Amino acid sequence: MSQISRHIHINGIVQGVGFRPFIYNLALEHNLKGWVCNSASGVDIEVTGEIEIVNSFQNEIMLSAPPLAQIDSIEAEDIEFRGFEMFKIVPSQDTDSDFIPVSPDVSICGQCQEELFDPDDRRFRYPFINCTNCGPRFSIIKKIPYDRPKTTMAEFEMCEACREEYENPRDRRFHAQPVACPVCGPQVWLELEPGKIHANKETAIQEARQMLKAGKILAVKGLGGFHLVCDSTSSEAVENLRDRKRRPAKPFALMGFNLEAIRKFVHISPTAETLLISPQAPIVLMPKRPDSSISESVAPGQANLGFMLPYTPLHLLLLKKEAGYPEALVMTSGNISEEPVIHENEIAREKLAGIADGFLMHDRPIHMRIDDSVYTVNNNEPYPVRRARGYAPNPIRLKQPLPQILAVGPQMKNTFCLTRDRYAFLSHYIGEMENWETYQDYTKAVQQYESLFRINPEAIGYDLHPDYLTTRYALERSTAENLPHYAVQHHHAHLAACMIENGVAPEEPTAGLIFDGTGYGPDGTIWGGEVLLGNCRDFNRLFHLKPVPLPGSEASIRKPARMALSTLWAYGVPWEPNLAPLQALSNMERETLQVQLDKAVNTPLTSSMGRLFDAVSALIGVRQEVSYEAQAAIELEALADPNELGYYPTQMDNEVIDVKPLLEGILKDLSKGTTVPIIAARFHNSIAELCLKLARLLKQQHDIHQIVLSGGVWQNQLLLRKTTNLFNNHGFHALVHRQTPPNDGCVAFGQAMIAAYRYMHDKE
Ligand SMILES: [Zn+2]
Ligand SMILES: [Zn+2]
Ligand SMILES: [Zn+2]
C-alpha cells in the first residue's frame, strides 16, 4: 500500500472549541501519524498514511466537527513524504499578519451542569466549572492565538488534577483554557459593605440566596459584567430597584432556573425554546401569560417579558430550585443610566453602592465587557434585537473578500464593524455614545478588535451627521493615519446591511422601507420614514413621509404629546380642546409650542416614522411622556387588538406620503368613542396597508418585487407580521433582518459595506 503525506489547513472558528483533541482522536481512530497545531490563522494538520485513509480522515473533519466549531474552508495539499512516528498535538504557531475568528462566550454545557450538581464530582457546586464545549471565551481573551497565558486566567496556576485533564487529549477539558477547580481557580465572595468580605465561597452563595429571598438587591458579577439582581415576584423589591436605579419604566430582563420555570410566566414557541437553550443563551422576548406572578413593575405596559436561562454555573447556583425560593430573578445590567455595564470590582463598589445591598463578586477578571443579547421571534425565525454575548465577535460571512475597513457606527445603540477577507466583524453592542464612559469603552473595544483580528483599516466609514462622537473619531483617525473616509447616510446603511445579510449582490438595485426614529438626511432634515432605492454605493430617496416640525428637538422626542400636536399642526388639523395630548401639557407649554410652531423656532423637520407612532400613541391617550426610547410605540403595540382588520387611508402626493386622512380617521373614531385597542390596531393596519401601496408603486415604477424592511420601527412585531403577510398575499417578498438587528445595531455593518464598495470603486 502506498503511503502519502498531506498538509491540511482549516479556517473558521476552530480554536477554543475542542478542535485539536477532535483531530487527535480522529487521527488515532484512522491510525494516522503526524501532528495538529493552532496557528494564528486557524488549525494546521500534517498526516502520513494510506491515501484512502487520509481521504476518509479529511472527509470526517467536515462531517463530525465539534458542535461549537465553524469551518469556513479546508485547504489540503499532498506534500513530500514524512515518516512520523506518532500523532502529536504541537504548540501554537504565530505569524504576525494571520488571524482567525475568536469564539464568543458559550453557555454552560449539559455535562458541566451534571457535574456541578453531582456531590461526588470534585467540582461539585464550583461556580466556575467549564470545559472545551462551554465557558468564557471572548470576554477573557487578551490576545491571540487563544492560549491560557493570553487570557485573564493566566494568573491562576493549574493544580495537578486540572493540569492532567488539560494535557490529556482524551479528556473533555483538554486545552480548555479557562479550566479550573475549587483548589486552583477563581472564587466568589460576598460583600455587604464595599471592600469588606462578609462571606466566602459556598457560604457567600447561600447568603446571597437568602438576601434575594428576603427582597434585597444584589450586584452579581457574571460573565461579561455585573447584573443587578432581585426577586421578580416581589413588587417591593422591583420597585426599590427602579427607584435606586432611577429607571421608572424600561423593562428589566429575567432569568428562570429552567424551561419549566420560565413556562409558568410566558408562552414559549418552539423557535423561542431553541434560542433559550442554545449555546448563545440570549434574552428572548416572549408573550407573557395573563396569570403570571411576575411583578407588573418588571415590564410595565408590555405584552412581552424577556427571559434567559442561567448561562454560567454561578447563575445556576443562584437560581437552583428550592421550596419558597423565587422561580425567576430580575437580571438587569449593572450600570447607571446609559453608561456601559460595569465589569470591574472596584468600579462596581464605587458606582453601584447606592443601588445594591450586597455584592457577589469573583476574582476572574473580565477583559472585554459584554452585554446580554436580546432576540425575539418573527415568523418562526430568530429576530435579533441586540447582538452581544454569545454572538459577537462571530463574523458575518460575506460572499466577496473585502479590503480592511473600519465603520465607526451610529450614535445610539452603537456597534462598530471591521472587515477583512470574507468576514465582517460586527462588534458587540456598545450602547449610547453620549457620555465619556461609553466613548472610552468604545475606543478600547475598537483597538481590541483591530488587534485580535489583525486589521489595519485602509478606509473609514461613518455617519453623515457632523456632530456625532463617532464622526469625530472617524475624522480624527482618518487625518492621523491619512485614510480615505466615506460619509454614509444613516438609512442607506440600514438598506445595505439588510441587503447583504440576505445575500443580495452589493451592486443590485434594491428597495427598502426604512422606518426608523432618527437619521441625518443629506438635506439637513431628520429622516426616518423613507423609501430608498439603492445598492452598496448609491441610493435615491423615492418616497418619504411628509416632514413635520420637531419642536424643541429632544423635548418632542421625550414628550409624544408635543409630537401629536405638531403633527396635527403640520397637516392643518385644528387642536380640539378635549384632545388628550393638549390636556397633558400645561398652559405655558401649549403657548410655547404654538409660538415655536408658528414662528418655526428651534423646529427641525422630520419625516420619521418613529415619531408618527409617538404622535398617534399620544393622540389616542396611551402615552404623553416617555422615560425610555420607543416607549410610546411599544405601549401602543401592546394595546392593539390583533383581531381588528379595519384601517385608515393614506394618500400619495408625488413622492410625499400624506397621512392626513389617517389622522382624521383616528379623530373621528375618538369622537365616536371607539376603544383604544381598536384604534391602535387600525393604525398598525394602516401602516401595513401603506407598505403594500408603496410596494405596488415600486413594482409599477421599477419592476421591484423584493423589499428590505429595516429601521427601529420594524422591531414592532405586529406591524412586521401584518406587513409580511400582506406582501406574501400580493406577490411581494420582504427581506427582513436575521443576523443583525433592524434597529441601529445594524448600521455599522451597512456603513462598512458602503464604505468598502465605494473605496474599491475609487481604487479602480
Ligand atoms: Zn462544559
Ligand atoms: Zn484545579
Ligand atoms: Zn436607524
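The analysis underlying the following values was restricted to heavy atoms, covering all of them including side chains, and did not include hydrogens, waters or symmetry mates. Note that the coordinates shown come from a computational prediction; the quantities given were computed from them, not determined experimentally. As the structure lists them, so they are numbered: ligands from 1, and atoms in each ligand from 1.
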Metal-centred angle, SG of Cys184 through the Zn ion (ligand 2) to SG of Cys181, rounded to 10 degrees: 110°
Asn414 side chain to Gly431 backbone, donor-acceptor under 3.5 Å: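 Answer holds: no.
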Which N/O/S atom belongs to [X] and is the closest one to the Zn ion (ligand 3)?
{"X": "His494", "answer": "NE2"}
{"X": "Asp516", "answer": "OD2"}
{"X": "Asp744", "answer": "OD1"}

Within the 6.0 Å centroid threshold, strictly below: Phe749 and Phe425: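 Ring centroids of Phe749 and Phe425 are no less than 6.0 Å from each other.
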Aromatic ring proximity, centroids under 6.0 angstrom, His485 and Tyr462: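 Ring centres of His485 and Tyr462 closer than 6.0 Å.
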Metal-centred angle, the Zn ion (ligand 1) as apex - SG of Cys112, SG of Cys131, 10° resolution: 110°
Heteroatom test (N, O or S) for His490 near the Zn ion (ligand 3), limit 2.8 Å: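 So His490 does bind the Zn ion (ligand 3) by this criterion.
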Ring geometry between Phe539 and His492 (parallel below 30°, tilted from 30 to 60°, perpendicular above 60°):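 Ring orientation, 0 to 90° scale: tilted.
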Candidate list Lys413, Gln715, Glu629, test side-chain hydrogen bond (donor to acceptor under 3.5 Å, both in side chains), partner Asn743, passing option: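 Among the candidates, only Gln715 passes.
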